[in-house]
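Following: one structure in structure tokens, then a few remarks.
All figures in this text were calculated on a predicted structure; none of them were measured in a lab.
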Amino acid sequence: MTKKTLRRYKVARRVAVFMAALPLLQLSQCSTGIRQIAANTANGLPSAYNQVVASLLWLPAQALISAIFGTSGTGDFDNNNNNPF
């Protein structure tokens, strides 16, 4: 083999190895995964927003209950009679 043929063989072998490894990279699958995560996040935002707003709206009521009954409002049991209120 001449040097030119040997060089072409080496380049062809490197290209073949690279082409064989391309399916392992699965770049399109990475894009699909990112899109799924973004879609799940976007779908979950209204629920998260509603939970935050509901928590803020209930905060004064929880403070009032805490002031009246002297509890933290977490449902901790009292040592005397095991009453959560």
Side-chain angles (χ1 to χ4, degrees):
M1 273 198 249
T2 64
K3 285 188 174 185
K4 190 174 186 179
T5 306
L6 187 58
R7 186 185 321 155
R8 286 183 181 176
Y9 174 73
K10 287 181 180 180
V11 170
R13 185 175 60 186
R14 287 182 184 157
V15 170
V17 169
F18 180 75
M19 294 295 286
L22 277 179
L24 298 175
L25 299 176
Q26 295 183 358
L27 296 175
S28 64
Q29 295 297 328
C30 182
S31 172
T32 302
I34 291 171
R35 286 181 186 163
Q36 288 177 352
I37 291 171
N40 288 341
T41 303
N43 288 337
L45 285 177
S47 175
Y49 176 76
N50 288 338
Q51 288 177 354
V52 168
V53 170
S55 296
L56 291 175
L57 290 176
W58 281 105
L59 191 61
Q62 289 176 348
L64 182 63
I65 291 171
S66 175
I68 293 173
F69 294 108
T71 62
S72 62
T74 59
D76 293 335
F77 286 97
D78 188 8
N79 289 336
N80 297 333
N81 59 3
N82 294 333
N83 186 0
F85 296 107

* Let me know which of Arg8, Lys10, Lys3, Lys4 forms a side chain to side chain contact (heavy atoms under 4.5 Å, CB included) with Leu6. => Lys10

* Asked: In Å and rounded to the nearest 0.5 Å, what is the OH to OG1 distance from Tyr9 to Thr2?
  -> 14.5 Å

* To do: Find the distance between CH2 (Trp58) and CD1 (Ile65) and round it off to the nearest 0.5 Å.
  => 7.5 Å

* Spatial distance of atom CG (Leu64) from atom CD (Gln62) [nearest 0.5 Å] -> 11.0 Å

* From CG (Leu45) to CG (Asn40), nearest 0.5 Å -> 11.0 Å

* To do: Report yes or no: do Phe18 and Val15 belong to one cluster of Ile/Leu/Val/Met/Phe/Trp/Tyr joined by side chain heavy-atom distances under 4.5 Å?
  => yes

